[in-house]
Novice: 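Pasting a structure here, questions to come.
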Amino acid sequence: MHPSMPAAPGCWAVFAGLSDWLSVVGGADPTTAQQAVDAYAVQHGTDPGRRGRQSVAVHLMSLAAGLERAVPGERLRTLLGHWTHRDYPRLLPVPTGYDLTVLDVAPTPVEGRVDAVAAWAAASWAAWRAHHATVRAWLDERLG
């Protein structure tokens, strides 16, 4: 399991089961691969430590940049590296539930997963709506 994303072992196993598909998709469509990573990360953002707070912050910024500003996944991967080495506050309240999770995406036939991941990313971003203004402000500061 990932140290900054506490998850039930079964949930992590389902996400890891998407790895082969995500690596293939990531070469052709890095935006979809990044959205999957971002969605999973923000849905498991319960660790109050520095790494956990960083994870939530940068993956929420990535979702916002991709969904609202059409920043492509390849650029987001580079930006994430620049955004990570900062201390971010914990965003409270943390959402108590999500309309879509990895458990909804995993059984989707491969040909439908790009759309399923896009919906998962949008639902994950929407669940954090109480913090959209904060995340957008961070994004404005980081993107100039």
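Only a predicted model underlies this, so the values are computations on that prediction, with no experimental measurement involved. Along the sequence shown, residues are numbered consecutively beginning with 1.
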Novice: Applying side-chain contact (heavy atoms from CB on, under 4.5 Å), name anything that partners Val56, two or more places apart in sequence or on another chain.
Specialist: Leu60, Leu91, Trp128
Novice: With side chains defined as the heavy atoms from C-beta onward, is the minimum distance between Met61 and Tyr88 less than 4.5 Å?
Specialist: yes
Novice: Let me know which of Leu63, Leu80, Leu79, Val135 forms a side chain to side chain contact (heavy atoms under 4.5 Å, CB included) with Val58.
Specialist: Leu80
Novice: If the condition is ring pair (Phe, Tyr, Trp, His ring centres under 6.0 Å), which residues does Trp83 pass it with, not counting sequence neighbours?
Specialist: none
Novice: Does anything in residues 95-105 form a salt bridge (charged side-chain N to carboxylate O under 4.0 Å, His left out)? List the pairs, not counting sequence neighbours.
Specialist: none
Novice: Please confirm whether the backbone N or O of Ala39 pairs with a side-chain atom of His44, one donor and one acceptor, at under 3.5 Å?
Specialist: no
Novice: Keeping to residues at least two apart or across chains, list the salt bridge (charged side-chain N to carboxylate O under 4.0 Å, His left out) pairs with something in residues 110-125.
Specialist: none
Novice: Could you check whether any side-chain N or O of Arg129 sits under 3.5 Å from a backbone N or O of Ala126, counting only pairs where one atom can act as donor and the other as acceptor?
Specialist: yes
Novice: I'd like to check the side-chain contact (heavy atoms from CB on, under 4.5 Å) partners of Ala122; sequence neighbours left out, ordered by chain and number.
Specialist: none
Novice: What distance do Leu92 atom CG and His131 atom NE2 have between them, rounded to the nearest 0.5 Å?
Specialist: 6.5 Å
Novice: Strictly by side-chain hydrogen bond (donor to acceptor under 3.5 Å, both in side chains), give each pair with a member in residues 62-73 just once, sequence neighbours left out.
Specialist: Asp38-Ser62, Glu68-Trp125, Glu68-Arg136, Arg69-Asp140
Novice: To check you understand the geometry: which heavy-atom pair defines the closest contact between Gln34 and Gly73, and what is its length?
Specialist: CB-CA, 4.3 Å
Novice: So which atom in Val105 and which in Ala116 form the shortest heavy-atom distance, rounded to 0.1 Å?
Specialist: CG2-O, 3.9 Å
Novice: Kindly write out the residues that satisfy side-chain contact (heavy atoms from CB on, under 4.5 Å) with Ala130, not counting sequence neighbours, or none if the list is empty.
Specialist: none
Novice: Using a distance-only test with no angle check, is there a side-chain donor-acceptor pair under 3.5 angstrom linking Ser124 and Gln43?
Specialist: yes
Novice: Taking the side chain as every heavy atom from C-beta outward, state whether Trp120 and Val102 have any pair of such atoms under 4.5 Å apart.
Specialist: yes
Novice: Taking all heavy atoms of Gln35 and all of Ala118, pick out the closest pair and write down the distance.
Specialist: OE1-CA, 3.6 Å
Novice: Any side-chain heavy atom of His82 within less than 4.5 Å of one from Arg142?
Specialist: no
Novice: If you look at every heavy atom in Leu76 and Ala65, which pair is closest and at what distance?
Specialist: CD2-CB, 3.7 Å
Novice: Checking Ala127 now: which residues fulfil side-chain contact (heavy atoms from CB on, under 4.5 Å) with it, not counting sequence neighbours?
Specialist: Pro95, Tyr98
Novice: Suppose the criterion is salt bridge (charged side-chain N to carboxylate O under 4.0 Å, His left out): which pairs have a residue in residues 83-95, not counting sequence neighbours?
Specialist: Arg50-Asp87, Arg53-Asp87
